[in-house]
Amino acid sequence: MKRLVFLVPLALFAIAMGYFALGLGRDPAKLPSTLIGKALPAFDLPPVSDLSPGLADRDFQGRGNGDSGARLLNIWGSWCTACLVEHPFLMELARAGEIEIMGIDWKDAPGAGAAWLARHGNPFTRIGDDAEGRTAIDLGVTGAPETFIIDAQGRIRHKVVGPLGPATWQTEIAPLLQQLRAAAANEPAEGSADAR
Amino acid sequence: MRADRRTFPRLALAALILGLLFSPAFAVEPDEVLADPQLEARARSLSRDLRCVVCQNQSIDDSDAPLARDLRLLVRARLKSGDSDREVKAFLVARYGDYVLLRPRLGWATFVLWAAPTLVLLGGGAWVLRLWGGQRRRRPESRQLFAPPSESGPDPLSPEEEARVIALLEASRPAHSAQTVDPA
């Protein structure tokens with residue numbers, strides 16, 4: 001019986017190894033969002049340029065263009081190189097009419113965002129200018145680019161940290177949009193005349 | 001020691017190094033500092049407990065990242081508008097999660113985290129004491145250097161064992177040793 005006592009340190013080590021195996025596999029740079037399932041925080045941002053109107057949380061109420069009725073909220077900046085990497089994909093999504101894309105121009109100098117969009121194209125229906133960064137903090141943003149999926153009731157359903165690409169779209173976003181589409185089809189229309 | 005012309009430069013260098021070692025490192029810029037020194041002190045101490053979510057292993061007080069500066073300004077703005085320390089922390093945790101606190105809150109989930117070092121120390125210490133106590137009982141001759149002779153020693157012999165010892169000693173004594181009692 002005394003022999004078994006010597007197994008205790010081994011057992012503790014095994015338990016510790018279990019925790020390490022779980023924890024070390026996670027990327028600490030990707031903070032899980034605390035806002036999933038909650039409503040968008042209130043904000044009202046001025047426009048970046050004459051091309052698109054400003055952005056407020058009320059702009060996410062009601063069905064967006066595209067099948068699922070959801071919208072993307074993309075945090076970007078002209079200083080952000082990874083945003084340039086994901087930009088062609090956003091342009092493609094906008095051209096295909098797949099989903100409505102809203103943008104927040106985070107911590108940009110005046111005019112820099114507009115110039116960047118003029119050079120690379122504008123996939124956004126509306127863009128808010130968050131020069132101070134307060135709205136980004138309210139959204140729990142830690143870097144750019146980050147993309148939120150917002151449903152037709154203005155609730156945050158998912159967050160993608162880092163550039164959005166076809167792979168992430170397939171694995172994370174398309175299934176969620178499918179879910180939202182199905183949910184929208186099952187629900188009775190909430191006072192909107194264009195229910196399918 | 002004798003002072004010569006190299007002493008002063010050496011002392012100056014030592015003073016410089018010590019001064020640099022002990023000077024506080026922080027990233028707060030002059031335009032962030034609040035006018036009210038009490039509020040500023042609270043802001044600094046709060047900042048030291050909040051993680052810079054970009055650099056992740058620095059507090060926002062230490063980090064030069066732009067987001068850290070935004071968070072420092074936010075902390076000061078909330079303190080100015082009358083929030084308590086706990087309210088400011090709750091504000092940030094609501095947006096970034098518990099990870100933003102450098103010191104995890106003490107709760108049921110984090111109890112193991114906080115208590116584990118103490119528990120392991122106590123448990124390990126108790127284990128070591130048990131092992132040492134056992135050794136003392138089983139190997140008394142190892143203590144003879146430290147303990148008075150009367151306390152140590154093997155168990156006393158029974159009468160039969162004693163008779164056996166005497167017989168063995170008699171048998172092993174060499175034949176000519178009886179002559180040692182002769183006067184020289």
Side-chain angles (χ1 to χ4, degrees), chain A residues 2 4-13 15-16 18-20 23 26-43 75 77-80 82 104-109 112 130-146 148 156 159 161-162, chain B residues 31-32 47 50-58 60 63 65-78 80-81 83 88-102 104-105 109-110 112-113 115-117 119-128 130-131 133-134 138:
Chain A
K2 270 213 168 171
L4 292 180
V5 171
F6 285 93
L7 291 177
V8 170
L10 188 64
L12 289 176
F13 181 74
I15 294 173
Y19 272 108
F20 290 153
R26 297 204 200 130
D27 182 353
K30 303 201 172 174
L31 282 185
S33 174
T34 55
L35 298 172
I36 306 277
K38 302 211 185 114
L40 268 177
F43 64 91
I75 317 292
S78 66
W79 42 268
C80 159
I104 290 185
D105 186 8
W106 184 38
K107 303 283 293 179
D108 238 334
D130 189 13
E132 238 187 68
R134 281 300 300 273
T135 305
I137 292 180
D138 283 340
L139 289 166
V141 167
T142 60
E146 285 185 8
F148 295 86
I156 299 175
K159 173 172 155 180
V161 172
Chain B
D31 62 346
E32 295 171 23
S47 300
L50 293 168
R51 187 190 306 267
C52 166
V53 286
V54 173
C55 0
Q56 303 202 327
N57 280 322
Q58 284 181 302
I60 57 175
S63 169
L67 183 57
R69 183 184 144 90
D70 288 347
L71 290 171
R72 284 197 299 268
L73 289 169
L74 176 67
V75 164
R76 283 165 175 78
R78 300 224 55 105
K80 264 165 79 170
S81 70
D83 276 10
V88 173
K89 285 190 183 173
F91 185 88
L92 286 171
V93 169
R95 283 150 183 77
Y96 287 103
D98 286 330
Y99 192 63
V100 77
L101 298 174
L102 276 171
R105 284 187 289 207
T110 57
V112 175
L113 180 67
L119 289 177
V120 168
L121 187 65
L122 290 176
W127 186 282
V128 168
R130 244 191 83 221
L131 282 180
R138 275 184 261 117

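All chains are named by letter (A, B, ...) in the order of the sequence lines, taking the proteins before the strands, and each is independently numbered beginning at 1.
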Under 4.5 Å from any heavy atom of chain A - which part of B/V100: neither
Within 6.0 Å of NZ in A/K38, more than 12 heavy atoms from elsewhere: yes
Proximity breakdown for B/A65 and chain A, heavy-atom pairs closer than 4.5 Å: neither
Minimum side-chain heavy-atom gap B/D70-A/K107 below 4.5 Å: yes
Spacing of OG1 belonging to A/T34 relative to CG belonging to B/D98, to within rounding of 0.5 Å: 9.5 Å
Main-chain N/O of A/L139 paired with B/Y96 side-chain donor or acceptor, under 3.5 Å: no
Gap between atom CG of B/L71 and atom CD1 of A/I137 - 0.5 Å precision: 4.5 Å
Residue part contacting chain B, namely of A/L35, when any heavy atom lies under 4.5 Å: side chain
Worked check of side-chain contact (heavy atoms from CB on, under 4.5 Å) between A/V141 and B/V53: CA-CA 9 Å; A/V141 167; B/V53 286; over 6 Å; no
Which residues share a ring pair (Phe, Tyr, Trp, His ring centres under 6.0 Å) with A/W79, sequence neighbours left out: A/W106
